[in-house]
Amino acid sequence: MTNRPITQSPNRLLEVKNLKKYFPIRKGFFRTTIGNVRAVDDVSFFINAGETLGLVGESGCGKTTASRCILRALVPTSGEMIFRTKEGASADLAKLSRAQLRPLRPQMQMIFQDPYGSLNPRMTLFDIVGEPMYVNGMTNRKERVERVAELLRLVGLRPEYMQRYPHAFSGGQRQRIGIARALSVNPRLVVADEPVSALDVSVQAQILNLMLDLQKRLNLTYLFVAHNLSVVRHICDRVAVMYVGKIVEMANTLELYAAPKHPYTAALMSAVPVADPRIKTGNVELKGEVPSPANPPSGCYFHPRCEFAAEVCRKDAPAFREITPNHFVSCHRADELRLPGIG
Amino acid sequence: MTPLLSVQNLKTYFLMDEGVVKAVDGVTFDVHAGQVFGIVGESGCGKSVTMKAVLRIVEPPGKIVNGQILLNRAKQNGASDVIDLAQLDANSKAMRDIRGAEIALIPQEPMASFSPVHTVGDQIIEAIMLHQDVNKREARKIALQQFKDVGIPIPEQRLDEYSWQLSGGLRQRAIIAMALSCNPRLLIADEPTTAVDVTTQAQVLRLLRRLQEQRNAAIIFITHDLGVIAQMASYVMVMYLGLVMEQGSVDDIFHAPKHPYTQALLRSIPTINMTPRLNLPTISGSIPHPFNKPRGCPFHPRCEKSIAGKCDARVPALKPIGEKQLVSCFLYHDAEVSS
Ligand SMILES: Nc1ncnc2c1ncn2[C@@H]1O[C@H](COP(=O)(O)OP(=O)(O)OP(=O)(O)O)[C@@H](O)[C@H]1O
Ligand SMILES: Nc1ncnc2c1ncn2[C@@H]1O[C@H](COP(=O)(O)OP(=O)(O)OP(=O)(O)O)[C@@H](O)[C@H]1O
Ligand code: SF4
Ligand SMILES: [Mg+2]
Ligand SMILES: [Mg+2]
């Protein structure tokens with residue numbers, strides 16, 4: 001394991017630097033690579049222990065790919081992902097072998113979007129929630145039964161349900177089961193990829209409350225991937241905005257919403273349909289389409305759609321820089337622009 | 001003013017081996033010309049089935065078992081001619097003439113709109129020729145104009161593409177263009193933006209609003225997103241378990257909601273100006289299975305204000321309580337649905 005002293009703030013649980021994940025595009029009989037889908041294209045961000053970082057952006061911008069890299073469900077093309085382990089050591093998740101990763105896996109767990117597809121229909125709740133414990137060495141069945149009961153209570157389900165199958169549960173209850181499974185091995189980092197997107201609003205509120213409550217009780221750290229910006233504002237301490245494989249802005253939530261520094265963030269904010277007919281939104285029209293990550297534009301990837309684009313934007317890629325403490329942005333004109341926010 | 005569409009006590013049931021799903025169980029509403037009529041409610045409450053009944057495209061074993069669907073067809077001389085769609089044969093010529101021409105649908109499943117084996121242009125041209133007395137060249141011209149109207153770039157080229165070649169945003173625009181190609185007086189948009197991103201959603205909403213203003217058509221806009229409803233609708237109907245809980249102007253629904261379900265629903269969503277990370281008020285319990293609908297008011301098992309002996313025994317009727325607001329709740333009146 002690559003152990004080295006923590007260079008950054010002791011509060012960092014995860015520090016991602018220059019992460020890239022390219023998917024090769026192959027063609028022809030010899031499957032020659034003719035290009036790359038730059039799903040994650042040189043992103044840097046960090047997550048502090050005990051906080052929730054939101055990852056937002058439109059479909060295909062690379063949120064899921066970045067999350068799967070962190071969990072090493074995908075092997076990154078390049079970059080570093082420095083994780084502070086339970087023991088206080090630093091490990092670069094990008095470089096570890098499968099064997100080296102195994103002891104770290106329980107510390108990072110995932111909650112999925114689809115409460116229907118993500119649970120094996122042939123397994124009982126006991127098997128679903130207890131399996132990760134078994135894999136991680138809890139072989140005593142009685143011990144597992146006790147722990148599963150405890151977890152089911154924790155997520156608001158009755159322990160008596162243990163022998164039932166997932167089909168007997170509603171969408172919200174299934175999402176609770178998925179959360180119980182993720183928590184079964186005492187993770188420190190939980191990656192939630194659109195955990196409430198498939199749920200009805202009344203169920204969504206229950207799951208959001210549960211996630212906030214569990215975070216407080218278990219001191220969890222969340223990476224929260226979502227597209228509903230009202231939900232993200234409610235649950236996240238900080239937010240990173242992605243556009244075509246890059247993070248264009250990252251800041252404290254309320255600051256990002258009230259005073260965005262990147263024109264894309266401002267356009268996203270303006271598009272949020274506010275649930276109040278007296279506040280009219282959607283005034284800034286974002287023209288055109290999201291470019292393909294296989295063939296991104298020159299310079300700033302946002303320049304073809306940006307109303308503020310200047311000559312330099314077409315030529316040079318803007319650097320991702322800290323414009324005010326803890327507010328990061330990659331836009332050539334971020335210092336001069338005054339963009340509207342919401343909330 | 002005679003409404004463009006008046007649905008009276010509509011019931012649509014699915015008669016299955018396991019039991020009867022009363023998907024729509026006595027729904028009443030009016031839609032006027034030039035109105036954006038929003039329908040909200042959680043999954044399974046009967047939004048889509050209500051609209052399928054209006055278009056007479058409910059799939060078996062679904063059946064309209066009661067009610068009237070009155071469509072007002074203004075005649076050339078200004079007189080009105082009201083026809084009950086519930087009485088028509090679903091496959092009759094009269095119904096086929098209405099479907100697609102007078103009432104158009106943007107279906108909930110975007111893939112259902114276009115066949116993958118024909119170009120989008122050919123399909124729109126076919127639809128235009130079915131309802132209008134034009135030849136193929138004229139139909140193509142109309143289709144092209146529709147593509148331009150909905151803001152599709154390089155429209156000539158796009159007409160000759162297949163739906164799967166279009167991006168999500170372009171496909172949604174093409175679907176809208178197709179739905180509008182025969183100048184319907186009523187457009188039913190069933191969750192037209194659930195499959196697209198926020199910025200595309202904003203584009204689509206703006207487009208629908210503009211077209212509705214230009215053509216003075218009525219839009220029935222279905223969604224479970226309260227934000228979208230607040231921004232789009234002028235009048236709102238809230239549904240729960242196949243019944244109407246409340247109707248009112250968009251401002252009444254959001255600023256003076258009367259029904260406990262409407263109130264609870266609005267409280268449960270995080271909004272853009274509230275204090276973050278506080279517990280959201282939730283609705284206790286969960287939506288019952290369609291085979292096990294509760295007796296009485298369908299919401300009573302989850303309602304904080306439910307009146308014992310009344311709400312659990314009788315079904316409240318939808319009654320006016322303000323100028324344009326109607327509510328079905330015993331907290332406001334005593335009228336019940338006669339069975
Ligand atoms: N296994 C793969 N092979 C090739 N391309 C891929 C693969 N997985 C993802 N991509 C591409 O990478 C880009 C990013 O995809 P990703 O799923 O990470 O986006 P996302 O932000 O999670 O989108 P969504 O909001 O739709 O879930 C997309 O263009 C996608 O098509
Ligand atoms: N073909 C069918 N056969 C049996 N039951 C059906 C059928 N179509 C719909 N239903 C039932 O009718 C009820 C109403 O369904 P409907 O599709 O109208 O809901 P909805 O309000 O549109 O929900 P969503 O927001 O999920 O689209 C549900 O209980 C559903 O299961
Ligand atoms: S760098 Fe230029 S093009 Fe990119 S967002 Fe900023 S102003 Fe717009
Ligand atoms: Mg994703
Ligand atoms: Mg529906």
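Throughout, a chain's letter reflects where its sequence line sits, starting with A, and its residues are numbered from 1. Since we're looking at a predicted model, the values are computed, not measured.
Residue contact with chain B, scored on non-hydrogen atoms closer than 4.5 Å, involves the side chain of A:Leu212 exclusively. Residue contact with chain A, scored on non-hydrogen atoms closer than 4.5 Å, involves the backbone and the side chain of B:Arg277 alike. Of the two parts of A:Val272, only the side chain, counted from C-beta on, holds a non-hydrogen atom closer than 4.5 Å to a non-hydrogen atom of chain B. For B:Gln201, the part lying near chain A is the side chain, with the backbone staying farther off; criterion is any non-hydrogen pair under 4.5 Å. Looking at B:Leu170, both its backbone and its side chain come within 4.5 Å of chain A, counting heavy atoms on both sides. Interface remark: A:Ile279 contributes backbone and side-chain atoms alike to the contact with chain B (heavy atom separation under 4.5 Å). Within the 4.5 angstrom heavy-atom criterion, atoms from both the backbone and the side chain of B:Met274 approach chain A. For B:Ala230, the parts lying under 4.5 angstrom from a heavy atom of chain A are both the backbone and the side chain. The part of B:Arg302 that comes within reach of chain A is its side chain, from C-beta onward, which places non-hydrogen atoms under 4.5 angstrom from that chain. Using a 4.5 Å cut-off between heavy atoms, A:Gln173 does not touch chain B at all. Of the two parts of A:Gln206, the backbone and the side chain both hold a non-hydrogen atom closer than 4.5 Å to a non-hydrogen atom of chain B. For B:His255, the part sitting under 4.5 Å from any heavy atom of chain A is the side chain, from C-beta outward, and nothing else. Heavy atoms of A:Thr52 lying under 4.5 Å from chain B belong exclusively to its side chain.
Within a 6.0 Å radius of CD in B:Glu304, no more than 12 heavy atoms belonging to other residues, nucleotides or ligands are found. For A:Glu160, the CD atom is densely surrounded, since the number of other residues' heavy atoms within 6.0 Å is greater than 12.
The CG atom of B:Asn279 sits 7.0 Å away from atom CG of A:Asp213, with the distance rounded to the nearest 0.5 Å. To the nearest 0.5 Å, the span separating CD1 on B:Ile272 from CE on A:Met269 amounts to 7.0 Å. Interatomic distance, B:Asn273 CG to A:Ile342 CD1, rounded to the nearest 0.5 Å: 9.0 Å. Put simply, CG on A:Asp276 and CG on B:Asp251 are 8.0 Å apart, with the number rounded to the nearest 0.5 Å. To the nearest 0.5 Å, atoms CD1 (A:Ile235) and CG (B:Leu280) are separated by 8.5 Å.
Pairing each heavy atom of A:His234 with each of B:Pro270, the nearest pair is CB-CB, 3.7 Å. Among all heavy-atom pairs drawn from B:Leu278 and A:Asn209, the shortest one is O-OD1, 4.4 Å. Closest approach of A:Ser202 and B:Ile283 over heavy atoms only: CB-CD1, 3.8 Å. Minimum interatomic distance between B:Pro276 and A:Leu254 (heavy atoms only, all atoms of both residues): CG-CD2, 4.0 Å. Nearest heavy atoms, B:Ser268 versus A:Ala205: O-CB, 3.4 Å.
Options A:Leu199, A:Thr253, A:Asp200 differ in how many heavy-atom pairs under 4.5 Å they form with chain B, and the most are formed by A:Asp200. Of all the listed residues (A:Cys236, A:Ser270, A:Ser230), the one sharing the greatest number of non-hydrogen pairs under 4.5 Å with chain B is A:Ser230. Contact count versus chain B (heavy atoms, under 4.5 Å) is highest, among A:Arg278, A:Gln215, A:Lys280, for A:Arg278.
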Checklist entry - How far apart are the C-alpha atoms of B:Gln231 and A:Val274, what are their side-chain angles, what is the distance that settles it, and do they pass the side chain to side chain contact (heavy atoms under 4.5 Å, CB included) test? => result CA-CA 7 Å; B:Gln231 295 299 320; A:Val274 174; 4.1 Å; yes
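Under the 4.5 Å side-chain criterion, counting only non-hydrogen atoms from C-beta, B:Thr199 is in contact with A:Glu58. When side chains are defined from C-beta on, B:Ser286 does not count as touching A:Val203, because their heavy atoms never get closer than 4.5 Å.
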